[in-house]
Amino acid sequence: MPFFWGMKLLKPVFFLACLALPAALATADAHAGLVFSPPSHDFGRIPPVRKVSHTFRGINTSKATLRILQVQPSCGCTSAVLGKSEVAPGGAVEVQVTFDPGTFTGPVNKSVVLHVDDPARPIQTLSFQADVFRPLELLTRSLVLDDIPRNAGGRGEARIRSRTGLPPVIKGLEVPPRPYLEATLRMEGLEAVVEITLYGDRIPAGVWRGADEIRVLAADPDAGPLAIGVYWTVKDAPSRTKP
């Protein structure tokens with residue numbers, strides 16, 4: 001009697017196992033397709049002056065040939081080169097992603113979306129992150145001098161802060177050859193100060209507004225280009241009437 005009772009218990013267990021097996025196979029098939037491992041990459045700390053690249057490698061784990069229909073970067077700072085558009089079963093494909101950090105500062109998260117003719121996984125996302133570190137931070141990107149007197153002029157300053165904990169090292173300034181524009185440099189601890197002077201009486205007659213650019217030449221090549229825009233307008237000095 002105990003023997004037959006044990007046989008009765010085995011039947012429902014075996015029945016449940018048979019039900020679970022197709023479900024597990026269906027789950028495995030649902031995850032089959034174009035698989036990138038890993039689908040993300042960390043560039044770490046990078047300077048703003050150099051592009052960085054990483055190659056993602058994907059495997060077609062399905063039983064059908066898959067086609068990559070479109071490669072869509074998240075912004076203009078990112079480009080992607082696809083090795084091939086068709087991937088046979090068991091075959092591999094590479095996607096080289098390049099990031100230009102020129103306009104960024106601090107943590108950055110970007111992605112590239114792949115559109116695949118796979119009904120189970122039609123969209124694949126490749127992502128990357130980076131920390132764009134600028135040794136020098138331009139605190140003043142533009143200086144506006146409005147309504148400067150024609151017989152006098154105007155002055156202003158732009159500041160550059162070191163983020164390394166050491167005083168900034170500046171090799172010099174590139175000032176456009178304008179007779180009315182001058183710039184000098186002084187140091188204040190962890191900041192460099194560019195003093196800008198505009199001479200109103202040296203501006204050609206009939207010219208009322210203008211825009212110039214002063215470039216700061218840093219000793220550290222990873223500092224990147226530092227450019228200060230100077231925008232100005234002129235007004236004539238009030239006329240004096242004789243008594």
Side-chain angles (χ1 to χ4, degrees), residues 36 38-56 71-81 95-113 125-146 154-178 180-198 209-232:
F36 288 86
S40 62
H41 178 73
D42 187 356
F43 286 111
R45 175 175 285 188
I46 60 175
V49 295
R50 287 193 294 271
K51 297 179 181 180
V52 291
S53 298
H54 175 72
T55 300
F56 293 90
V71 180
Q72 186 177 5
S74 59
C75 77
C77 64
T78 304
S79 62
V81 177
V95 181
Q96 185 182 61
V97 176
T98 301
F99 170 57
D100 184 356
T103 60
F104 294 89
T105 301
V108 177
N109 292 277
K110 298 295 178 181
S111 63
V112 174
V113 175
T125 301
L126 308 176
S127 62
F128 66 85
Q129 57 187 10
D131 180 15
V132 183
F133 179 74
R134 295 180 180 272
L136 297 179
E137 180 183 5
L138 188 59
L139 302 180
T140 311
R141 296 185 178 275
S142 61
L143 180 67
V144 179
L145 300 174
D146 277 332
R155 290 182 174 83
E157 63 180 32
R159 290 182 173 268
I160 304 164
R161 178 179 298 164
S162 171
R163 301 181 64 205
T164 64
L166 300 174
V169 181
I170 307 297
K171 295 190 299 183
L173 302 174
E174 282 188 355
V175 184
R178 308 283 192 266
Y180 54 80
L181 184 64
E182 288 184 359
T184 59
L185 183 69
R186 76 172 191 270
M187 308 304 297
E188 290 185 359
L190 296 180
E191 291 187 356
V193 183
V194 181
E195 297 179 332
I196 299 168
T197 303
L198 201 68
R209 60 173 58 90
D212 299 285
E213 183 180 86
I214 297 174
R215 297 177 64 86
V216 182
L217 306 179
D220 188 346
D222 287 343
L226 300 171
I228 305 167
V230 182
Y231 305 94
W232 49 269

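With a 4.5 Å cut-off on side-chain heavy atoms, Lys110 and Pro73 do not count as touching. In this structure, Ser162 and Leu136 have side chains that are in contact, with non-hydrogen atoms separated by less than 4.5 Å. Using a 4.5 Å heavy-atom threshold, the side chains of Val97 and Thr78 count as touching. Within the 4.5 Å cutoff, the side chain of Pro176 has heavy atoms near those of the Leu181 side chain. Contact of the Leu139 side chain with the Glu137 side chain is registered, since non-hydrogen atoms from C-beta on lie closer than 4.5 Å. At a threshold of 4.5 Å between non-hydrogen side-chain atoms, the residues Ile170 and Leu217 do not count as touching. Using a 4.5 Å heavy-atom cutoff, the side chains of Val52 and Phe128 are not in contact. By the 4.5 Å heavy-atom criterion applied to side chains, Val132 and Ile46 are counted as neighbours.
Within a 6.0 Å radius of CZ in Arg155, no more than 12 heavy atoms belonging to other residues, nucleotides or ligands are found. Counting non-hydrogen atoms of other residues, nucleotides and ligands closer than 6.0 Å to CZ of Arg141 gives a total of 12 or fewer.
Residues satisfying the ring-ring contact (aromatic ring centres under 6.0 Å, His included) test with Phe36, not counting sequence neighbours, are none. Partners of Tyr231 according to the ring-ring contact (aromatic ring centres under 6.0 Å, His included) rule, which considers only residues two or more places apart in sequence or in another chain, do not exist here.
One distance of note links CZ of Arg134 with CG of Leu226; it measures 8.0 Å at 0.5 Å rounding. Note that CD of Gln72 and OG1 of Thr125 are 10.0 Å apart. Values are rounded to the nearest 0.5 Å. The CD atom of Gln129 sits 4.0 Å away from the CG atom of Asp42 when rounded to the nearest 0.5 Å.
Using a 30° and 60° split on the angle between ring planes, His54 and Phe43 fall in the perpendicular class, above 60°. Ring-plane geometry between Phe56 and His41 is classed as perpendicular, the angle between the planes exceeding 60 degrees on a 0 to 90 degree scale with a lower cut at 30.
A donor atom on one side chain and an acceptor atom on the other are not found under 3.5 Å apart for Glu182 and Thr197. With hydrogens and angles left out, the side-chain atoms of Thr98 and Ser53 include a donor and acceptor closer than 3.5 Å.
For the side chain to side chain contact (heavy atoms under 4.5 Å, CB included) with Ile196, the lone residue among Leu173, Asp212, Ile228 that qualifies is Ile228.
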